[in-house]
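Reviewing the structure listed below.
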Amino acid sequence: RIMSVLTSSLDMGEVYANFAAELKQLVDYTCVSITEPVNGGSLRVVSSHGDRPDDCVTGFTFDAGGTPMLTAMESLEPFVSGDIENDNRITAKEYFDKAGFKSIINIPLIIKGNVFGTMNMASKQKNAFDVNDVRELEPIVYQVALALDNQKLFSDVERAKVEWETTFDSVGDGIVMVNNDREVVRLNRAAAELLGGTVEEFLGRSCCDVMLGLDAEIEECLEESFIQEIKTFKSERRLEDGRILEVTADIVLDAENNKSGLVYIIRDVTEAERLRRQLVQSEKMVAVGELVSGVAHEINNPLTGVLGYAQLLASRDIDESTRKDAEGIMREAERVTRIVRQLLSFSRKHEPERSMTDVNAALMESLELKAYDLRVNNINLETDLDESLPGTMADKYQLQQVFLNIISNAEQAMLGHNGAGLLKISSSSENGSIRLTFADDGPGIPEESRNRVFDPFFTTKDVGKGTGLGLSVCYGIV
């Protein structure tokens, strides 16, 4: 009966209580306990049962020196004392005196030559135990040791399971495990969140239904091809909310190198895809800048000739009407020359450099670059610039980038709203700061979007018409 009690449950608290009750029928004791060593040369009572609650105390730690428990553990032999008070082998008697114990048996718990504690029985009667008790108890104690060892193993496995599950659910990428029947048997919280549901909703479902949204026929073909080639499979799934998930699948092999399932790793690559597209767009802009630079040089050469011949014509003795025409050619040629010079300056690579800058002048140069676009798109321009505006330390070219981005945004908003518009730009100085105001008669920014207009990649434009970086770049520069 005692042996069956020791294997009746994995709840060691219940096992100890039932074991102590059965043991009482075999040996009359006042207290039975189990102690185990802890750091620093101490022992801890991990379990105890007695005739009365005050007879035994569980959970307390005491110095092992001079105790019969330590003697039993060091000698690997049972320790028996029928008269603790007069037993010179025991030097640490304070606990026994306080509890009123007169007799004691301590039997080491040994598994595979390793001792990991003692089972102890104490009585308030002298000579309560003898050699026959020890002989009967030793096989029982061995079973106790086995039960404790199994419990420790179970606790280690349970702790490892909890640690693994915690780690599994803490991983930022989604993880989905699938069996050979193509059913989802396990997934972490990140996977469920990425796929838009709960863990319970996806368990038992077809892997391709969950991962790729494929129908059964396509799923089977994909699966068979994948299994035969035994290689990593990658795919992308675009969700209705615009997110892009990268799905990677690898075969799981068992100890015999046979396929036991698949493991899917899911990553949200939406941001990475946007950055990639922006990089492509940036490379295109670099190419456009180089093209502009080359075209500007090509325009400059014949433009120099046009301006020179116009000056020669104006210097001759010609009638007034022809002179005005020549001066008009010179004036427009000089304007084109300024625009070409600004294009070259804007397209050229510049290291950010702060210097004393005339903000009004930087704004006017930017407006000259946009003058043609504004005119052909029926955008009227009104400026109210403070001529007494002080200079400020800034990078002129970065300021021009800010102005061009804001003007382009206003232009696109007005064109999309009513095909024309009015853009008002003013500058002023107040409280030691320079303020530039851009106002247009477009539809304005929706209330729900105003807190996000400077967020990277946020845009209200149609797909392909904006990257969502213009205002965030402006914010960063300013």
Side-chain angles (χ1 to χ4, degrees), residues 2-3 6 12-13 15-16 19-20 22-24 26-50 55-156 159:
I2 291 177
M3 301 303 182
L6 291 173
M12 292 309 292
V15 169
Y16 287 145
F19 167 72
E22 293 295 334
L23 190 62
K24 185 72 172 178
L26 182 65
V27 180
D28 187 21
Y29 61 80
T30 304
C31 174
V32 60
S33 65
I34 294 175
T35 55
E36 65 178 12
V38 293
N39 295 333
S42 298
L43 294 172
R44 182 167 62 93
V45 180
V46 296
S47 178
S48 65
H49 294 273
D55 288 336
C56 297
V57 181
T58 300
F60 81 97
T61 301
F62 57 94
D63 187 1
T67 64
M69 296 83 160
L70 181 62
T71 302
M73 291 174 61
E74 290 179 341
S75 66
L76 303 181
E77 295 289 341
F79 183 99
V80 182
S81 177
D83 185 2
I84 296 175
E85 184 179 1
N86 297 308
D87 193 331
N88 294 329
R89 296 174 300 169
I90 305 173
T91 57
K93 300 179 181 181
E94 181 179 353
Y95 166 72
F96 304 108
D97 292 342
K98 185 176 180 180
F101 295 144
K102 306 297 183 182
S103 304
I104 195 167
I105 294 180
N106 309 98
I107 303 177
L109 300 169
I110 304 172
I111 291 292
K112 298 178 181 178
N114 296 318
V115 59
F116 58 91
T118 60
M119 191 185 85
N120 321 290
M121 282 190 293
S123 174
K124 294 186 177 182
Q125 305 296 322
K126 286 187 176 182
N127 300 311
F129 311 114
D130 56 26
V131 176
N132 291 328
D133 293 325
V134 173
R135 190 177 300 115
E136 289 183 338
L137 287 171
E138 280 188 306
I140 296 174
V141 172
Y142 178 72
Q143 294 300 319
V144 171
L146 283 176
L148 288 171
D149 189 53
N150 290 337
Q151 172 63 20
K152 183 178 183 300
L153 178 61
F154 175 78
S155 298
D156 291 343
R159 183 170 58 254

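Keep in mind that this is a model prediction, so the values were computed, not measured.
Put simply, the side chain of Val134 reaches to within 4.5 Å of the side chain of Ile105, judged on heavy atoms. Ile111 is listed as a side-chain neighbour of Tyr142, based on a closest heavy-atom distance under 4.5 Å.
Listed by chain and number, the residues in a ring pair (Phe, Tyr, Trp, His ring centres under 6.0 Å) with Tyr95 are Phe60 (sequence neighbours excluded). For Leu70, the side chain to side chain contact (heavy atoms under 4.5 Å, CB included) test picks out Ala64, Thr67, Glu74, with sequence neighbours left out. Every residue meeting the side-chain hydrogen bond (donor to acceptor under 3.5 Å, both in side chains) condition with Ser48, not counting sequence neighbours, appears here in chain and number order: Thr58. By the side chain to side chain contact (heavy atoms under 4.5 Å, CB included) test, Ser75 pairs with Glu77, sequence neighbours left out. Residues forming a salt bridge (Lys or Arg N to Asp or Glu O under 4.0 Å) with Asp28 (at least two apart in sequence, or on another chain): Lys24.
Shortest non-hydrogen contact noted between Glu85 and Lys93 is O-NZ, 2.8 Å. Pairing each heavy atom of Pro37 with each of Leu43, the nearest pair is CA-CD2, 3.7 Å. When every heavy atom of Tyr29 is checked against every heavy atom of Met121, the shortest pair comes out as CD2-SD, 3.9 Å. Counting all heavy atoms, side chain and backbone alike, Asn86 lies closest to Asp83 at ND2-OD2, 2.7 Å.
Remark: the backbone N or O of Gln125 is paired with a side-chain donor or acceptor of Ser103 at under 3.5 angstrom. A distance-only check finds no donor-acceptor pair linking the side chain of Asp156 to the backbone of Arg159 [under 3.5 Å].
Identified under the side chain to side chain donor-acceptor pair (under 3.5 Å) test for residues 110-119, with sequence neighbours left out: Thr35-Thr118, Thr118-Asn120.
Atom CD1 of Ile104 is separated from atom OG1 of Thr30 by 11.0 Å, given to the nearest 0.5 angstrom.
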